[in-house]
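Have a look at the structure below, then the notes.
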Amino acid sequence: MTTAIIHPDSKKKILWDVLILTGTVFATVYIPFAIVSGSVHSGLFSIANALILLLFCLDIVIESRTGFYEQRELITVRKRIRNHYLKHGFVPDVLATLPLFFILNLLLPEESRYLAKYFSFLPLIKLLRIQKAINRIRNNKHINPSFIRMGLLIFWIFISAHLISCAWMAIWVDPSALNPLNASSPYLRAFYWTMTTVTTIGYGDITPSTPLETLFVIIVELIGAGMYGFIIGNIANIIANIDIAKSQYQEKMEKVSTFLRYKNIPMDLKTKITDYYDYLWESRRGYDEASILEDLPRPLQISVSLFLNRGIIQKVPIFQGASEEFIKEIILNLRPVVFTPGDHVVIKGEIGYEMYFISRGTVDVVSENEDIIYATLGAGSFFGEIALLLSAPRNATIKARDYCDCYSLNKDTFDRILIRFPRFAERIREMAEKRQEETAQKQSRRQKTAANQNNKS
Ligand code: CMP
């Protein structure tokens with residue numbers, strides 16, 4: 001009979017890994033504690049130990065049937081799985097399940113039976129194997145990686161502190177000698193001693209009294225000094241990375257405001273610049289999409305850009321019903337730009353190098369001296385196409401009314417798109433002609449009224 005291969009990412013396997021992780025943590029906490037607190041010969045300890053061994057035995061069976069990834073390729077060939085497991089993890093897994101505690105308890109004479117308890121530590125070897133389950137937690141895409149790192153750091157601190165506390169309890173000669181509190185809760189006192197020692201606080205209320213204790217304290221102090229540095233370094237790093245975008249943004253803001261002060265930039269301009277950065281932060285957390293995308297391969301760039309720019313594609317009427325190829329071409333070449341209220345995005349008479357699509361905000365299309373408003377354009381509209389189409393100077397000025405999120409398209413891409421997609425070219429030409437006519441009409445109307453007024457006066 002052939003048995004099925006287990007998928008390493010299947011729900012059942014993940015649940016199993018969680019169970020093994022729980023069993024390992026339980027064994028790590030319970031076994032050393034039971035040994036130092038003298039409950040190692042109780043029935044409860046034997047039952048718990050037997051259950052742990054059984055669980056770990058089953059894990060060997062399951063692991064020897066679970067596929068694995070080699071350079072992202074899932075391997076499901078039975079022979080390769082077995083060889084891989086033999087090389088990676090089989091030995092510690094078997095050592096962790098050896099029932100030496102039970103065997104020695106049965107075989108050893110009464111007076112040396114106490115030796116058996118040292119072999120009940122074997123399941124702790126499984127700690128070496130929980131990295132896979134921990135990596136699974138680490139790769140969880142729903143939780144901030146910094147929180148996961150912090151959680152794992154706390155987990156390892158507590159596991160190490162627990163093991164050190166149990167070791168201290170094992171060699172601590174008379175816990176009740178110094179303080180009556182020690183007798184009622186020796187573990188708590190041992191844990192307290194561990195924490196004050198490894199964090200280098202060391203109140204000195206619990207001190208070594210025998211050579212063995214002194215040696216142990218020296219070792220724990222050395223470990224503690226290393227651990228302390230490790231913890232502080234890690235915590236500082238984790239906190240700095242919890243919101244990496246925010247810390248980078250704050251750093252940038254500090255640089256900008258130092259520059260503005262150093263160059264004596266006038267107050268109103270300073271306010272405009274800081275408002276611009278505030279808006280960038282609020283609208284896109286300060287990220288520069290283009291610089292993130294440029295590291296990705298083209299197919300991924302397309303998928304991410306399609307997702308990020310789906311809003312503008314839906315908003316702009318001339319994109320509706322366009323072919324997938326056209327959308328891809330446009331999307332990959334759009335560059336996000338932000339304009340602040342009052343900005344002159346385009347100035348009449350200038351040479352045009354790009355056109356713009358509005359995603360959010362409104363702009364006014366105005367005459368050179370801003371006395372005629374030809375039109376007001378909002379989300380989904382575009383402007384700047386006439387200069388590109390005719391290779392002529394801009395025929396109006398564009399002034400941002402409020403904060404405007406726009407996407408620019410440069411002339412080279414625009415020309416390429418016109419050649420490749422004649423339907424789009426036709427629609428945009430029609431629109432441009434209509435706009436030119438409208439603008440010309442409004443201009444001549446204004447000139448006529450001005451002339452009439454001059455005649456009257
Ligand atoms: P361009 O000439 O490149 O730069 C100014 C832009 O204003 C122009 O392209 C058009 O996109 C836009 N424009 C000009 N006149 C109008 C109008 N009447 N209605 C809407 N937009 C206009």
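Note that the numbering runs from 1 along the sequence shown for the chain. For ligands, and for the atoms within them, numbers begin at 1 and follow the listed sequence. Computed from a predicted structure; not experimentally measured.
- The nearest protein atom to atom 19 (N) of ligand 1, hydrogens excluded, is given as Ala375 CB, 3.5 Å; this is a heavy-atom distance.
- In terms of modelled atom types and a separation under 3.5 Å, the side chain of Arg65 and the main chain of Ile62 share no donor-acceptor contact.
- When only non-hydrogen protein atoms are considered, atom 7 (O) of ligand 1 lies nearest to Ile398 CD1, 3.4 Å.
- Considering backbone and side-chain atoms alike, Ala387 places an N or O below 3.5 Å from some N or O of ligand 1.
- Taking the centre and axis of the six-membered ring of Tyr277, the NZ or CZ atom of Lys252 falls outside the cone set by 45° and 6.0 Å.
- Looking at atom 5 (C) of ligand 1, its nearest protein heavy atom turns out to be Ala396 O, 3.5 Å.
- Every atom of ligand 1 with a heavy atom of Val346 under 4.0 Å away is listed here by number and element: 4 (O), 5 (C).
- Aromatic ring centres of Tyr407 and Tyr356 lie farther apart than the 6.0 Å criterion allows.
- Close placement of the Tyr85 and Phe90 rings is indicated, their centers lying within 6.0 Å of each other.
- Close N/O approach between Tyr374 and ligand 1 is not found [any backbone or side-chain N/O within under 3.5 Å].
- Nearest to atom 3 (O) of ligand 1 among the protein's heavy atoms is Arg394 NH1, 2.7 Å.
- Cation-pi geometry between Arg416 and Phe414 is not met at under 6.0 angstrom from the ring centre and within 45 degrees of the axis.
- The contact set between ligand 1 and Phe383, taken as ligand atoms under 4.0 Å from a residue heavy atom, comprises 11 (O).
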